[in-house]
Colleague: 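Let me give you the structure first, and then I'll get to my questions.
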Protein chains: 2
Amino acid sequence: MQEAIQEILKKNQLSVTGSRVKILELFLDQPGALAHGDIERKTGEKFDRVTVYRTLQVFLNKGIIHSIPTADNSVLYALCKDDCGEGHHHDNHVHFVCDKCGNTVCLDEVTVPAIRLPRGYKFSQVQVVINGKCKDCTRE
Amino acid sequence: MQEAIQEILKKNQLSVTGSRVKILELFLDQPGALAHGDIERKTGEKFDRVTVYRTLQVFLNKGIIHSIPTADNSVLYALCKDDCGEGHHHDNHVHFVCDKCGNTVCLDEVTVPAIRLPRGYKFSQVQVVINGKCKDCTRE
DNA sequence: TTTATTTTGCAACAAAGTTGCATCTGTGTA
DNA sequence: TACACAGATGCAACTTTGTTGCAAAATAAA
């Protein structure tokens, strides 16, 4: 785990600091997305609020994480896959928000279907956010 | 225009008040979506900030407008079509955000394709937000 | 016109996000 | 290992965004 974190930071020419390591740990520890508030709460005693903001901003710029738009307009962040680079995102995968447990996950295995745009429109990025019940919550 | 506004409000059993009329005018005046900030700026001298919040909230509840999640996590609102009712949205159309001019429009003519979810997942709502260049901005 | 019900504005507050600056820490170099 | 420098952090102050309670005003119905 620690090696993976070091590698991510090195690859992006970022120095290895407490807050960066801790925040990456949080992302690696669980499969879903994290709200800014979640991160702040889980690191609040160790790092300043401002540091969390700045760290997430750096991760966003470097393409280590991406933000997820949700129907209730809260801000979520999730780890990007390996093929994301600076200013160059491959995050046109599907995001799934469970209405029951509230978890948000990236469904990497689901590909976004081609969408036919009207004449004159050119797309650069397609974000799909699906609300519903996740596989854990449909069992009950 | 004024008749259309009256009709919308009456149909939803809302009293016709200054702020509601004004805000509906803003939506009817232009084809795209509006950020809360836009609305506040354009009505700021006439209505209190709080009133704008509450009016939008009422419109949301009644299904007169819907909110659009965007990649930068700003809050946008757009008018719903006629077949939206209270607690019952038919807004599974595609939203298009132009990276050049910043406008956001609803592409009602583009239908959201069916997406095959992994086993166990059930969807209730699908939001698609496409970033790119709109038809006005590709011409240049 | 009168009355009951809603809506609005105000004030105060809470939460979310930003900025400048001094201090501290990590990294590369000697 | 020690040093110096660039970059990261914490703090304080601030701005923006969103919320709540209550009294005053506006609306709709009788």
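Proteins come first, then strands; the chains are lettered A, B, ... in the order of their sequence lines, and each starts at number 1. What you see is a predicted model; the values in this text were computed from it and never measured.
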Colleague: Sorted by first residue and then second, give each ring pair (Phe, Tyr, Trp, His ring centres under 6.0 Å) pair with at least one member in residues 98-136 of chain B; sequence neighbours left out.
Modeller: A:F96-B:Y121
Colleague: Between atom NE2 in B:H36 and atom P in C:dA15, what is the gap in whole Å?
Modeller: 19 Å
Colleague: Can you list every ring pair (Phe, Tyr, Trp, His ring centres under 6.0 Å) pair that touches residues 40-65 of chain A, not counting sequence neighbours?
Modeller: A:H36-A:Y53
Colleague: How many Å lie between CG on A:D48 and C1' on C:dT19, as a whole number?
Modeller: 13 Å
Colleague: Could you pull out all residues at least two apart from B:D38 that satisfy salt bridge (Lys or Arg N to Asp or Glu O under 4.0 Å)?
Modeller: B:R41
Colleague: Quick one: list whatever passes side chain to side chain donor-acceptor pair (under 3.5 Å) with A:R116, sequence neighbours left out.
Modeller: none
Colleague: Under the side chain to side chain contact (heavy atoms under 4.5 Å, CB included) rule, what do B:H66 and B:L79 come out as? Steps first, then yes or no, please.
Modeller: CA-CA 6 Å; B:H66 60 273; B:L79 275 185; over 6 Å; no
Colleague: Figure out the OH/P separation between B:Y53 and C:dA16, and round it to whole Å.
Modeller: 13 Å
Colleague: For A:D136, enumerate each residue passing the salt bridge (Lys or Arg N to Asp or Glu O under 4.0 Å) test, keeping only those at least two apart in sequence or located in another chain.
Modeller: A:R139
Colleague: Just distance, no hydrogens or angles: give the donor-acceptor pairs under 3.5 Å from side chains in residues 100-109 of chain A, sequence neighbours left out.
Modeller:
unit_1: A:K100; atom_1: NZ; unit_2: A:E140; atom_2: OE1; d: 2.9

Colleague: Could you tell me the separation between the CD1 atom of A:I39 and the P atom of C:dA16, rounded to a whole number of Å?
Modeller: 13 Å
Colleague: Kindly calculate the angle separating the two end axes of the helix from C:dT1-D:dA30 to C:dA30-D:dT1, each obtained from five base pairs, and round it to 10 degrees.
Modeller: 40°
Colleague: Reading nucleotides 21-30 of chain C from the 5' end, what letters show protein touch, with B for base, S for backbone sugar-phosphate only, - for no heavy atom under 4.0 Å?
Modeller: -----SS---
Colleague: Output the rounded distance in Å from NZ (B:K22) to C1' (C:dT7).
Modeller: 19 Å
Colleague: Measure distances between side-chain N and O atoms of B:R49 and base N and O atoms of C:dG9, and say whether any donor-acceptor pair falls under 3.5 Å.
Modeller: no
Colleague: Using the test salt bridge (Lys or Arg N to Asp or Glu O under 4.0 Å), find all partners of A:D48 that sit at least two apart in sequence or belong to another chain.
Modeller: none
Colleague: Need two values: the first and the last nucleotide of DNA chain D, 5' to 3', having an atom under 4.0 Å from any heavy-atom of chain A.
Modeller: D:dA8 to D:dA12
Colleague: To the nearest Å, give me how far apart CG (B:N12) and P (C:dT6) are.
Modeller: 16 Å
Colleague: Can you check whether B:K135 reaches A:R119 side chain to side chain, under 4.5 Å on heavy atoms?
Modeller: no
Colleague: Going by salt bridge (charged side-chain N to carboxylate O under 4.0 Å, His left out), name the pairs with one or both residues in residues 50-61 of chain B, residues two or more places apart or in two chains.
Modeller: none
Colleague: Please report the distance, rounded to the nearest Å, between CD in B:E45 and C1' in C:dT8.
Modeller: 18 Å
Colleague: B:R49: which residues meet the salt bridge (Lys or Arg N to Asp or Glu O under 4.0 Å) condition with it, sequence neighbours left out?
Modeller: none
